[in-house]
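In what follows, a structure is listed as structure tokens, so that the remarks can point back to it.
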Protein chains: 2
Amino acid sequence: MGRAREFDVDGALDAAMRTFWERGYDGTSLSDLTEATGVGRQSLYLAFGDKQRLYLAALDRYREHFYLPLLEALSGTVDVRAALRAAILPLLDGSCADDPRGCFLVAAAAERAGDDAEVRARVTAAFAGLETVLLEAAQRGRAAGLVADTVDLPGWAALTVTTIQGMRVMEAGGADRSTLIRALDTVLAMLHP
Amino acid sequence: MGRAREFDVDGALDAAMRTFWERGYDGTSLSDLTEATGVGRQSLYLAFGDKQRLYLAALDRYREHFYLPLLEALSGTVDVRAALRAAILPLLDGSCADDPRGCFLVAAAAERAGDDAEVRARVTAAFAGLETVLLEAAQRGRAAGLVADTVDLPGWAALTVTTIQGMRVMEAGGADRSTLIRALDTVLAMLHP
DNA sequence: CTTTTTCTTGACCGATCGATCAAAAAAGTA
DNA sequence: TACTTTTTTGATCGATCGGTCAAGAAAAAG
């Protein structure tokens, strides 16, 4: 079997994810990663491959830990407005102080999607998945009488996924929180019956 | 007076802007910049200062050449919907093939706003300026009878500026054009009387 | 002319980049 | 025990990073 691995792979990947999330791909050096993870350089290479593979693994971990829970919260409700507001407002009011600002997927889209097809595939899949879940939730809401019959739901879903990504950009850019909340409330108000 | 400068400062700044726009701050090296501008390293430093100052100058130039025209197009019309559609659709359909994909301000917000207060100030000012112009244009549209009386215009302006930034992220991330156009049309349709 | 000032050129700086190598250490197998 | 396999450690690789230095070239001022 050989020597047992001494570090926790998931913990190291979590630390690497936060570092990439905070400083970006080009802004994160291998020394940053060894310091953040507490894992030696060669051990990182053996466990994850080179820097790009580690970045992709970090992106996948972000998706599992921060993106899929949002999708599941939407999948399990007929009240899209309440679920979305509950999921997104905490991201804006500083109650996630331990997490870096902004969205890792948005940062990846802006920095790496043009250069790295694997990043682009993950980003587009994540965005498309959110749009689908939003549409299905809105359709359930309509069936339950919580959503107006006059709203174009596919259009609303496309607008809402776009709005969410825009909020994360403007959040990272230091925009006023009240503007972002107003934007979110406006797109949610479209569904009012 | 000393020796005359041999290169065109505006042309060099334009080339530097496109390089930063395309590859980001950390992704652009001084060698990239000397190659793109055709200007020697020391000449760049004398004309613009260090890398950060050149980046800020490039950001200002982007604002002047790509952002202010949008604001002016909105300032000069009562038909917000037509003006916005005319301004944004070309960005999505590949007819700006000579320009890099995505929005330089969005990339700057994602990559540098957290680290550089001067970048953050420019980004927030640009976003806030667009929101103001959108609101004023919508108010003119209402006075002209082109916008429904029931719409919350400040909310609509906040949503629309957020949507535009979201479109640029998703565009950079390789999202389907039809989704982005649908999102834009949905937010514009909110104004229909 | 000479002097002064500015710009250009190309070499160069220490630091850091991502990545690799070799040897020691720890585990299972025989 | 000895052998094999894997991980860890730390040194090290060539390349490149942002930034600077010094000498020469060009323009205005004397």
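The chains referred to below are lettered A, B, ... by the order of the sequence lines, with proteins before strands, and numbering in each begins at 1. Below, all heavy atoms of this structure are taken into account, side chains as well, without hydrogens, waters or symmetry copies. What you see is a predicted model, and the numbers here were worked out from it, not measured in a lab.
Rounded to whole Å, the distance from CZ on B:F7 to C1' on D:dA26 is 15 Å. One can place CG of B:L33 at 10 Å from P of D:dC17, the figure rounded to the nearest angstrom. Remark: P of C:dA19 and CZ of A:R53 are 12 Å apart, rounded to the nearest angstrom. What separates CG of B:D8 from P of C:dC7 is a distance of 15 Å, to the nearest Å. Summarising the geometry, the separation between CG on A:D50 and P on C:dT20 is reported as 8 Å, rounded to the nearest angstrom. For B:L30 and C:dG10, the CG to P distance is 16 Å, given to the nearest whole Å. In this structure, B:F48 places its CZ atom 11 Å from P of C:dT8, rounding to the nearest Å. If you measure from atom CZ of A:R5 to atom P of D:dT9, you get 13 Å, rounded to the nearest angstrom.
Between B:Y55 and B:F104, the two ring planes are perpendicular [angle over 60°; tilted spans 30° to 60°].
Listed for the B:W156 side chain is a donor-acceptor partner under 3.5 Å among the backbone atoms of B:V187. In this structure a side-chain-to-backbone donor-acceptor pair under 3.5 Å is present from B:S95 to B:P90. The closest donor-acceptor contact from the side chain of A:R142 to the backbone of A:V151 lies under 3.5 Å. At distances below 3.5 Å, not a single donor-acceptor pair connects side-chain atoms of A:W21 with backbone N or O atoms of A:A107.
Among the protein residues, A:Y45 comes within range of the nucleic acid bases, having at least one heavy atom under 4.0 Å from a base atom. Nucleic acid contact class of A:L46 (heavy atoms, under 4.0 Å, all strands): base. Within the 4.0 angstrom heavy-atom criterion, no nucleotide atom of any strand lies near B:T34.
With respect to B:L184, the side chain to side chain contact (heavy atoms under 4.5 Å, CB included) criterion is satisfied by exactly one of B:T160, B:T163, B:L89: B:L89.
If you check distances only, the side chain of B:R41 never reaches the base of C:dG10 with a donor-acceptor pair under 3.5 Å. Side-chain atoms of B:Q42 and base atoms of C:dC7 include no donor and acceptor less than 3.5 Å apart.
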Sequence-aligned protein contact record of nucleotides 23-30 of chain C, with B where the base is within under 4.0 Å of a protein heavy atom and S where only the sugar-phosphate is: --BBBS--

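Residues A:R61 and A:E64 are not paired through a salt bridge, judged by the lack of any N-O separation under 4.0 Å between the basic side chain and the carboxylate.
Under 4.0 angstrom from either OP1 or OP2 of D:dT7 there lies no side-chain N or O belonging to A:S43. Listed pair A:S31 / C:dT16 fails the phosphate criterion, with no side-chain N or O lying under 4.0 Å from OP1 or OP2.
Closest to the side chain of A:K51, from the set C:dA19, C:dT8, D:dT8, is C:dA19.
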